[in-house]
Protein chains: 2
Amino acid sequence: MPHRKAQNLEIDNLDIQILSILMKNATTPYTEIAKELIVSGGTIHVRMKKLEEMGVIKGASLEVDPQKLGYDITAFLGIYLEKGSQYQEAVTQLKKIPEIVELHYTTGSWSIFAKIVCHDTNHLREVLNENIQSVSGIQRTETFISLEESIKRQITLE
Amino acid sequence: MPHRKAQNLEIDNLDIQILSILMKNATTPYTEIAKELIVSGGTIHVRMKKLEEMGVIKGASLEVDPQKLGYDITAFLGIYLEKGSQYQEAVTQLKKIPEIVELHYTTGSWSIFAKIVCHDTNHLREVLNENIQSVSGIQRTETFISLEESIKRQITLE
DNA sequence: GTTGAAAAGTGCTGCGA
DNA sequence: TCGCAGCACTTTTCAAC
């Protein structure tokens, strides 16, 4: 039987503090984090490796301002399905629509709840009428347009 | 009158391609992007600096798996305000609740639409009853719990 | 505006405690 | 398990095209 390297798979306070700093700014150098938390750079490295292996860290992504790139409309969609059992098939088809940035299976009136980002109202109408309405199993949708995004952040750890 | 350095403030195809690569993986080295797009590393650097100055790039953040950190519940909240004019004051108070990760001023039945992340059902109940209901101007809320997050991605450029 | 290479800074790997 | 020091790599800068 192969011997697996013994490893502490618990997340302690130091891990949380490292994550908190990097969630705000993923480009913070390890040496700076080390100085702030009063440990060595090597320790930060070891902890990060552990967190990656545990799957706690899914990756790092660049945050862009959609409006500056010509995406002016953010909308939320409540989607009614004919039958709940059609969810998986509907998701498979909805994944092909690039304007959908988030999709959830939810409790309440709707089966599916989605967030979509479009260039303008014409673009939104096209996506709704041509792309989304043609997905099999979708009965009808309700649309809410975001007029202002006042909060956009990550969870605050501990 | 001070002379401001002449600079091209338009976003061309090269910028879009750089952003596309970095939005998928913010840790991609500049040299690798340069090789892929057949330009020099220096050019990537100049373009990135321009995009940062333009405010197109808001930052880079680490993506974590909330469930692995003990945050098991994602919920959406439709919030009714007594008067629409109370929006700004409500937002100021809602910003102090760390569990709220996203908040929009929307068209439709509700004035405010929010996304919140909690540890468990008890935690959710606490946030709803104690924190959110005590914000001035809030009449009532409707809650939708996400049972599955099937899509979570950024906009696809061009 | 772009290039290519040199300079500065950061991340990674062993050895020692 | 942690800290230190050397090596590899990336980012940044800059003169030249």
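What you see is a predicted model; the values in this text were computed from it and never measured. So you know, we letter chains A, B, ... as the sequences are listed, proteins then strands, and number each from 1. Note: hydrogens, waters and symmetry copies are ignored here, and every other heavy atom, side chains too, is used.
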Notebook entry, point to check: Which distance, rounded to the nearest 0.5 Å, do you find between the CZ of R153(A) and the CD of E102(B)?
Noted result: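 Separation between the atoms: 11.0 Å.
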
Notebook entry, point to check: Taking atom CD1 of I145(A) and atom NE2 of H104(B), what is their separation to the nearest 0.5 Å?
Noted result: 13.0 Å

Checklist line | Co-members of the apolar cluster containing W110(B) [side chain, <4.5 Å] | finding: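 Reading the cluster by chain and number, W110(B) sits alongside F76(A), Y80(A), W110(A), F113(A), F144(A), F76(B), Y80(B), F113(B), F144(B).
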
Next item on the list: Pick base, sugar-phosphate or nothing for T43(A), based on heavy-atom distances below 4.0 Å to the nucleic acid.
Entry: sugar-phosphate

Note to self: What's V46(B) touching, base or sugar-phosphate or nothing? Going by heavy atoms closer than 4.0 Å.
What the structure shows: nothing

Margin query: Side chains of Q86(B) and S136(B): any donor to acceptor distance under 3.5 Å?
Written below: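 No, Q86(B) and S136(B) have no side-chain donor paired with an acceptor closer than 3.5 Å.
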
Of the nucleotides [options], which has the atom closest to the [X] side chain?
X	options	value
H45(B)	dT13(D), dC12(C), dT10(C)	dT13(D)
S40(B)	dG11(C), dG4(C), dT10(D)	dG4(C)
P29(A)	dT10(D), dG4(C), dG11(C)	dG11(C)

Nearest-Å distance, [atom1] ([X]) to [atom2] ([N])?
X	N	atom1	atom2	result
I18(B)	dT2(C)	CD1	C1'	12 Å
M48(A)	dT13(C)	CE	C1'	17 Å
K35(B)	dT2(C)	NZ	P	20 Å
E32(B)	dT11(D)	CD	P	10 Å
L37(B)	dT3(C)	CG	C1'	16 Å
Y30(B)	dT10(C)	OH	C1'	14 Å
K49(B)	dT12(D)	NZ	C1'	9 Å
R47(A)	dG11(C)	CZ	P	17 Å

